[in-house]
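These notes are about the structure you will find just below.
The shown structure was predicted, so the numbers you read here are calculated from the model rather than taken from an experiment. One is the number of the first residue; the rest follow in order along the sequence.
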Amino acid sequence: MTDAGSGGRPVVGFVGLGSMGGALAANLVAAGHEVVAFDPAGPERVPSGAAGAGGVAEVAGRAEVVVLSLPDGAASHQVAERIAGRSPRRVTRVVDTSTIGVAAARQVAALLAGAGIGYVDAPVSGGVAGARARTIAVMFAGSDDDCTAVGPVLAGLSDRCRRVGARPGLAQALKLANNFLSATALIATSEAVAFGTAAGLDMATMLDVLNAASGQNTATSDKFPHHVLTGRYAAGFANTLMAKDVALYLEAVGEVGRTPVVAPVTARLWKQFAAAEAGADFTRIYPFVRGG
């Protein structure tokens, strides 16, 4: 027997209620799931409609499926250890929406498997606004049984979920490739726009033309119009996290025997930006690249 939430569905646990995790947990509540949530920063982060828990062990004792939204692989591994060490526990599967890298995902999957717990690697892309709008991309990988079992939970997170592989780590590989492209596009667009405005072009005019031409990318169509041109710089993703993701991509490229060409330059610039303005919104790469 398992504890059932509203409508007979299993209780869903959630660990990590930052900007992204809080939005995803709220989506689960809105989708009709009974949610028990925890964040070490305090109970004030628990979204309306969810029950607060006193720690990871309590979440593992009350929920059948636990969703993680954590900053890095070390955090995911630590939480997985606590879940696996909980006795008695009700959790049978973990869904990890964190971006932690291929090797870390496989390590966490092995740790949980040793305790008889399934693991679905499910990083997300689309920002906090995308999470709130349920348009965020959830790419997930895991065994047939595990993916089927957590299907309703994934559907509760977003309307855009896509299975990309049968073993944990493959979704991480796709997420790292995605973030490398996003990071590179944002740097390249920053340099191009800085050049254009220095030459006398209007930024809004540049963006209108670029978005109707072959230079269009997510930076020209989203980040620049909504955060750079407006001066908001509030996309909700820290430069330190982007620097971490690009570094993970570099590591993963080496692990599969490839030689990166563009990535070392991208990684160096994001590392420099993160060191200069730690924690800044990642769209502030534009004034950093511009030099003012």
Side-chain angles (χ1 to χ4, degrees), residues 20 68-81 84 94-114 117-126 136-147 150 154 160-191 214-215 217-219 237-275 282 285 289:
M20 181 63 73
L68 310 182
S69 180
L70 301 167
D72 53 39
S76 284
H77 197 277
Q78 183 180 59
V79 170
E81 285 183 324
V94 169
V95 174
D96 197 349
T97 68
S98 321
T99 301
I100 62 175
V102 178
R106 291 173 179 168
Q107 290 167 4
V108 171
L111 186 161
L112 291 170
I117 301 170
Y119 178 79
V120 175
D121 169 27
V124 299
S125 178
I136 198 164
V138 180
M139 53 205 88
F140 65 99
S143 72
D144 291 348
D145 287 347
D146 290 336
C147 289
V150 304
L154 293 170
R160 298 181 178 179
C161 300
R162 174 70 181 270
R163 189 181 182 192
V164 300
R167 65 181 189 276
L170 290 176
Q172 288 294 322
L174 185 51
K175 175 62 188 297
L176 294 181
N178 176 85
N179 276 25
F180 162 64
L181 289 172
S182 175
T184 303
L186 192 48
I187 286 176
T189 301
S190 295
E191 184 171 304
S214 59
N217 61 71
T218 58
F237 190 64
N239 59 359
T240 47
L241 293 177
M242 184 60 91
K244 178 262 295 183
D245 289 354
V246 177
L248 286 174
Y249 172 78
L250 264 179
E251 291 177 10
V253 168
E255 288 167 0
V256 297
R258 302 293 302 174
T259 301
V261 178
V262 177
V265 177
T266 299
R268 174 173 56 80
L269 287 170
W270 281 101
K271 183 178 180 180
Q272 290 174 349
F273 176 38
F282 79 134
I285 191 72
V289 168

- Query: What is the minimum heavy-atom distance between Gly169 and Asp121, and which atoms define it?
  - Reply: N-OD2, 2.9 Å
- Task: Please report the closest heavy-atom contact between Leu70 and Ser76, naming both atoms and the distance.
- Result: CD1-CA, 3.7 Å
- Close side-chain approach of Phe180 to Thr266, heavy-atom, < 4.5 Å: yes
- Task: Mark yes or no for whether Lys271, through its side chain, and Ala243, through its backbone, hold a donor-acceptor pair below 3.5 Å.
- Result: no
- Note on the structure: Value for CD (Gln107) from CG (Leu112), rounded to nearest 0.5 Å, stands at 12.0 Å
- Should we say atom CZ of Arg160 is surrounded by more than 12 heavy atoms from elsewhere, each under 6.0 Å from it? no
- Should Val289 and Leu269 be marked as a side-chain contact (heavy atoms from CB on, under 4.5 Å) after you check the CA-CA gap, both sets of side-chain angles, and the distance that decides it? CA-CA 9 Å; Val289 168; Leu269 287 170; 5.7 Å; no
- In Å, rounded to the nearest 0.5 Å, how long is the span from OH of Tyr249 to OG1 of Thr184? 8.0 Å
- Phe282 and Asp245, any side-chain heavy atoms less than 4.5 Å apart: no
- Message: With a 3.5 Å distance limit and no angle check, can you tell me whether Gln172 reaches the backbone of Pro123 through a side-chain donor-acceptor pair?
- Response: no
- Query: Does any N or O in the side chain of Trp270 come within less than 3.5 Å of the main-chain N or O of Val246, such that one atom is a donor and the other an acceptor?
  - Reply: no
- Message: Taking atom CD as the centre, does Glu191 end up with more than 12 heavy-atom neighbours from other residues, nucleotides or ligands that are less than 6.0 angstrom away?
- Response: no
- Closest non-hydrogen contact found for Ser125 with Met139 is CB-CE, 4.0 Å
- Tightest non-hydrogen contact, residues Ala84 and Leu111, listed as CB-CD2, 3.8 Å
- Query: Does Thr99 offer a backbone N or O that forms a donor-acceptor pair with the side chain of Lys244 under 3.5 Å?
  - Reply: yes
- Derivation and outcome, side-chain contact (heavy atoms from CB on, under 4.5 Å), residues Val138 and Thr97: CA-CA 8 Å; Val138 180; Thr97 68; 5.8 Å; no
- Message: Restricting to non-hydrogen atoms, name the atom on Tyr119 and the atom on Ala109 that form the minimum distance, rounded to 0.1 Å.
- Response: CD2-CB, 3.6 Å
- Query: Taking atom CD1 of Ile100 and atom CG of Leu248, what is their separation to the nearest 0.5 Å?
  - Reply: 9.0 Å
- Query: Would Arg163 and Asp144 count as a side-chain contact (heavy atoms from CB on, under 4.5 Å) if you check the C-alpha gap in whole Å, the side-chain angles of each, and the deciding distance to 0.1 Å?
  - Reply: CA-CA 10 Å; Arg163 189 181 182 192; Asp144 291 348; 2.9 Å; yes
- Shortest non-hydrogen contact between Val164 and Ala141, atoms and distance: CG2-CB, 4.3 Å
- Item | Short side-chain donor-acceptor distance under 3.5 Å, Asp96 and Ser98 | yes
- Message: Determine whether a donor-acceptor pair (N or O, by modelled atom type, separation under 3.5 Å) exists between the side chain of Ser182 and the backbone of Asn178.
- Response: no
- Query: Sub-3.5 Å donor-acceptor pair from the side chain of Asn217 to the main-chain atoms of Gly215, do we have one?
  - Reply: yes
- Task: Might you work through the salt bridge (charged side-chain N to carboxylate O under 4.0 Å, His left out) test for Arg167 and Asp146, ending with a clear yes or no?
- Result: CA-CA 10 Å; Arg167 65 181 189 276; Asp146 290 336; over 6 Å; no
- Determine, stepwise, if the pair Ile285 / Asn239 fulfils side-chain contact (heavy atoms from CB on, under 4.5 Å). CA-CA 8 Å; Ile285 191 72; Asn239 59 359; over 6 Å; no
